[in-house]
Structure formats: structure tokens, C-alpha cells
There are 2 protein chains.
Amino acid sequence: MADEQAEEIRSDRGGEPGCEPDGPLGVWFAFFNEVGILHQLSRTLFEARLPDGVTLPHFSVLNHLIRVRDGQTPRALAEAFQVPKTSMTHTLAGLEARGLIAMRANPEDGRSKQVWLTEEGRRFRNEAIRLLSDDVAAIASAIDTERIAAALPLLAEVRRYLDENR
Amino acid sequence: MADEQAEEIRSDRGGEPGCEPDGPLGVWFAFFNEVGILHQLSRTLFEARLPDGVTLPHFSVLNHLIRVRDGQTPRALAEAFQVPKTSMTHTLAGLEARGLIAMRANPEDGRSKQVWLTEEGRRFRNEAIRLLSDDVAAIASAIDTERIAAALPLLAEVRRYLDENR
DNA sequence: TGCATTTAGTGCGATATCGCACTATATAGT
DNA sequence: ACTATATAGTGCGATATCGCACTAAATGCA
């Protein structure tokens with residue numbers, strides 16, 4: 001399995017014009033392929049550790065509200081995670097149903113709401129971090145975190161480019 | 001938006017034990033966050049270019065059958081992309097309905113099938129590459145592809161680790 | 001050889017994702 | 001001030017994702 005994917009990534013068949021994305025294009029296709037698989041794997045891992053019914057988008061929103069700023073609008077959150085508004089609406093509904101957030105009218109915009117963490121939401125997020133820590137620590141001890149840290153700016157650059165050119 | 005995410009990634013709040021994943025753990029959380037967003041952005045971009053109803057998983061399977069090997073089993077494909085069997089079953093059903101693949105009994109295993117590209121499937125995949133090329137080329141001209149190529153082995157390493165330790 | 005256990009693919013149903021269209025509100029231009 | 005246009009959030013419905021359970025076939029062990 002992993003060998004087949006590695007073969008796909010390493011293969012350099014060249015030759016057929018227009019059929020095989022090689023050179024720079026091939027690199028980028030491989031990159032996005034890796035991203036897709038990494039996303040799949042990490043989401044599966046994280047959701048296995050979170051309580052039943054709690055998804056990665058749930059946790060990510062809670063984490064974002066804590067790390068970045070509480071009281072953000074659904075629109076801002078949707079943009080932060082690059083998901084459609086309706087997807088974010090659905091995610092927030094799940095969080096609100098669990099009492100982890102509260103949605104209140106946005107005093108600066110009559111069309112809008114602000115998403116606020118509840119005390120339960122804060123506790124929940126901290127507990128989630130604890131639940132995820134062992135696995136993440138295991139990854140950190142198996143793979144050189146310095147290299148990941150060094151790669152982050154590049155990933156952010158790609159993200160920014162895609163965001164600004166969509 | 002991008003600034004908020006950048007702030008999240010760069011922030012190093014330190015201090016509260018057990019509440020904030022910092023140091024190596026924080027780096028990994030940031031990494032997986034980037035991966036999730038990149039996946040979202042790339043999927044949206046690619047699916048916007050593909051014909052209506054054709055998803056990234058559809059294209060990815062076709063591409064995989066061409067680049068790696070035709071005639072693979074549903075199980076092998078599900079493993080390659082790290083998706084559940086039932087998800088792959090659904091994806092393949094969509095491809096077969098469009099006449100892009102044919103599923104035939106696997107002569108080596110009575111329980112199994114093999115997924116074969118049709119001529120239409122090959123043509124379709126080549127056309128899809130063409131449809132995606134302009135955007136990917138634009139990305140390649142904006143961001144140093146060498147750096148992406150240099151990062152690929154690291155991404156593959158993370159993928160391999162997650163795959164082997166799930 | 002017989003049988004317990006495992007596995008491949010899928011039917012089925014629940015939930016997540018997300019586009020379309022809409023209402024209410026904000027913004028921009030005259 | 002008025003109005004055309006844009007925007008925030010969501011109802012609704014279609015499709016994708018995926019777990020559970022199952023049947024049929026394969027594998028491993030005594």
C-alpha cells in the first residue's frame with residue numbers, strides 16, 4: 001500500500017505529452033495527493049479519540065475560539081477553515097446543541113451573530129487536548145518536529161496563495 | 001482571515017499547563033490544521049474545474065489506476081487513499097455509473113473484484129489533467145516547486161507513520 | 001479434513017458536507 | 001434620501017462519507 005503510493009510519487013515516467021503531469025505539475029499533484037491522505041489519516045485518528053458524535057470540525061472551532069479569539073462570527077470562522085457558510089452553520093449547530101458554544105446577536109451587524117465559548121466548551125476543549133496528546137506526542141517522538149516546524153511556513157504560503165486566488 | 005490563522009500558528013502563549021499545546025505538540029496541531037485547510041482549498045479548486053458531479057476522489061482513483069497500476073481491488077484502493085471500504089465502494093459506484101471504470105471478478109480471490117479503467121476513463125482522466133493544468137501551473141509559478149518537492153519526503157514520512165500506527 | 005477466525009465487498013441508514021435560494025440587513029452610489 | 005447591489009445566516013434538499021451488520025470466500029490451526 002504505502003509502497004504503491006511511494007511508487008506513484010517517485011515515478012518519473014516522462015514521455016507522453018499531455019498525458020502525464022511531470023516536472024513541476026507532477027510535484028504539485030503529488031503534494032495535494034499527500035495532503036488529502038494526511039487529512040484523511042489525521043481526521044480519522046483525532047475523531048477516534050474524541051467523544052462519540054464529536055468531529056474534527058467541532059474541535060477545531062473550539063480550539064480556534066480559544067487560540068485566536070472568542071466571539072467570532074460564523075462568517076469569519078467559515079473563512080478561517082475555508083468551508084462554505086452552510087457547512088459552518090451545521091458545525092456550529094452541533095456545538096450549540098452540546099452546550100459548548102452560545103450564539104448571540106452581533107451588536108455590530110444586525111444580520112450577524114457571534115459565537116461564544118461556554119464554560120463547558122472551554123473545559124471540553126481542554127479535555128480534548130488531553131485526549132489527543134498521547135497520540136500527538138507519539139508522532140512527535142517518531143518524527144523530527146523541527147522539520148515540521150520548518151515546513152509550516154511553506155504550507156502556510158500555499159494556503160495563502162490558494163485563499164487569495166480562489 | 002489569513003492573518004488570524006497566521007496568528008494562531010505563530011502565537012506562543014505558553015504558561016497554562018495542560019491547557020495550551022505548545023512546543024512540539026503545538027507544532028503538530030498547527031501542522032494538521034494547515035493540512036485540513038489545504039485539503040479543503042485544493043478540493044474546492046479541483047472540483048470546480050472538473051465536470052459537474054465529478055469529485056476529487058473520482059479523479060484521484062482514475063489517476064491512481066493510471067499512474068500506479070490498473071486492475072486493483074477496491075480494498076487496495078481504499079488503503080491507498082486511507083478511506084473506509086464503504087467510502088471507496090461508493091466512489092467506485094459513481095465511476096462505474098459514468099462508464100469510466102469496469103468492475104470484474106478477481107480471478108485470484110472469489111470474494112474480490114478488480115477495478116479496470118475503460119477507454120473512456122483513460123480519456124476522461126487525461127482531459128481532467130488538462131482542465132486542472134492551468135491552475136496548478138499558476139500555483140507552480142507563484143510558489144517555489146523545489147521547496148514543495150523537498151517537503152514531499154517529510155509529508156510521506158508522516159503519512160507512513162500514521163498509516164503504520166493506526 | 002474440519003472448523004474457527006478473518007476478510008472482501010456491499011446493503012442500509014445516520015450524519016456531514018455543501019449548493020441553491022431566500023430573508024433581513026448593510027453598503028455603495030447617485 | 002433613495003435604491004441597486006452585496007452580504008450574513010439558514011431552510012432545504014441532494015449527495016458524500018462512513019459505521020454497522022451481513023454474506024460469501026479465504027486463511028490458519030488442530
Side-chain angles (χ1 to χ4, degrees), chain A residues 1 36-37 39-48 50-61 71-98 101-116 166, chain B residues 1 36-37 39-48 50-61 71-98 101-116 166:
Chain A
M1 187 298 299
I37 298 172
H39 173 67
Q40 188 67 37
L41 283 166
S42 53
R43 183 164 180 169
T44 299
L45 170 63
F46 284 4
E47 288 179 359
L50 294 168
D52 272 4
V54 178
T55 63
L56 187 59
H58 288 147
F59 166 75
S60 299
V61 167
Q72 297 198 41
T73 64
R75 167 64 189 280
L77 291 169
E79 287 199 348
F81 293 103
Q82 296 292 345
V83 296
K85 293 186 295 182
T86 47
S87 299
M88 184 52 70
T89 296
H90 182 92
T91 300
L92 295 176
L95 286 169
E96 193 171 31
R98 286 178 164 76
I101 62 167
M103 308 259 276
R104 295 198 278 267
N106 178 355
E108 299 180 1
D109 186 337
R111 303 166 298 184
S112 182
K113 297 184 177 180
Q114 287 174 324
V115 183
W116 300 95
R166 44 176 180 151
Chain B
M1 183 300 298
I37 298 172
H39 173 67
Q40 188 68 34
L41 284 166
S42 53
R43 184 166 181 169
T44 300
L45 170 63
F46 284 4
E47 288 180 0
L50 294 167
D52 273 3
V54 178
T55 63
L56 187 60
H58 287 148
F59 167 75
S60 300
V61 166
Q72 297 198 44
T73 63
R75 167 64 190 281
L77 291 169
E79 288 200 346
F81 292 102
Q82 296 292 342
V83 298
K85 293 186 293 182
T86 46
S87 298
M88 185 51 70
T89 298
H90 183 89
T91 300
L92 295 176
L95 286 170
E96 192 171 32
R98 285 179 165 74
I101 62 167
M103 306 257 278
R104 296 197 278 266
N106 179 354
E108 297 181 4
D109 186 336
R111 305 166 299 183
S112 183
K113 296 182 176 180
Q114 288 174 324
V115 183
W116 300 94
R166 42 177 180 148

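Residue numbers start from 1 in every chain, and the chains themselves are labelled A, B, ... in the order their sequence lines are given, proteins ahead of strands. Please read all numbers here as calculations on a predicted model, not as lab measurements.
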To the nearest Å, how far apart are [X] [atom1] and [N] [atom2]?
| X | N | atom1 | atom2 | answer |
| --- | --- | --- | --- | --- |
| Glu79(A) | dC18(C) | CD | P | 15 Å |
| Leu56(A) | dT17(C) | CG | C1' | 14 Å |
| Glu108(B) | dA25(D) | CD | C1' | 15 Å |
| Leu45(A) | dC18(D) | CG | P | 14 Å |
| Gln72(A) | dG9(D) | CD | C1' | 16 Å |
| Asp109(B) | dT6(C) | CG | C1' | 12 Å |
| Gln82(B) | dG19(D) | CD | P | 13 Å |
| Arg111(A) | dC22(C) | CZ | C1' | 15 Å |

Please tabulate the protein-to-nucleotide N/O contacts below 3.5 Å involving nucleotides 10-15 of chain C, giving atom names and distances.
{"unit_1": "dT10(C)", "atom_1": "OP1", "unit_2": "Lys113(B)", "atom_2": "NZ", "d": "2.6"}

Would you please name every residue forming a side-chain hydrogen bond (donor to acceptor under 3.5 Å, both in side chains) with [X], sequence neighbours left out?
| X | result |
| --- | --- |
| Thr55(B) | His58(B) |
| Glu47(B) | Arg43(B) |
| Arg111(B) | Asp109(B) |

Side chain of Ser87(A) - closest among dT17(C), dT17(D), dT25(C): dT17(C)
Listed nucleotide nearest any side-chain atom of Pro84(B), set dA8(D), dA25(D), dG19(D): dG19(D)
Minimum side-chain heavy-atom gap Phe81(B)-Met88(B) below 4.5 Å: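 Yes, their side chains come closer than 4.5 Å.
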Pairwise 5' ranking along DNA chain D for Gln40(A) and Thr73(A), keeping only the more 5' one: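 Nearer the 5' end of the strand: Thr73(A).
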Minimum-distance pair of heavy atoms, taken over all atoms of Gln82(A) and Gln40(B): O-CG, 2.7 Å
Heavy-atom pair with the smallest gap, counting every atom of Pro74(B) and Leu92(B): CB-CD1, 3.8 Å
Non-neighbouring partners of His90(A) that pass ring pair (Phe, Tyr, Trp, His ring centres under 6.0 Å), sequence neighbours left out: none
Residue-phosphate contact under 4.0 Å: Arg104(A) side-chain N/O, dG9(D) OP1/OP2: no
Short side-chain N/O contact from Arg43(A) to OP1 or OP2 of dT17(C), under 4.0 Å: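 Answer yes for this pair, as a side-chain N or O of Arg43(A) is under 4.0 Å from OP1 or OP2.
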When you compare the protein's N or O atoms with those of nucleotides 1-4 of chain C, which come within less than 3.5 Å of each other, and at what distance?
none

His39(A) and His39(B) aromatic ring geometry - parallel, tilted or perpendicular at 30°/60° bounds: parallel
Atom pair CD/CG of Gln114(A) and Leu77(A) - distance to nearest 0.5 Å: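 Answer rounded to 0.5 Å: 11.0 Å.
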Spacing of Met103(A) atom CE and Thr73(A) atom OG1 [to the nearest 0.5 Å]: 10.0 Å
Residue whose closest nucleotide on DNA chain C lies nearer the 5' end, Thr91(A) versus Gln114(B): Gln114(B)
Sugar-phosphate, base or nothing in reach of Asn106(B), heavy atoms under 4.0 Å: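 Counting heavy atoms under 4.0 Å across all strands, no contact is made by Asn106(B).
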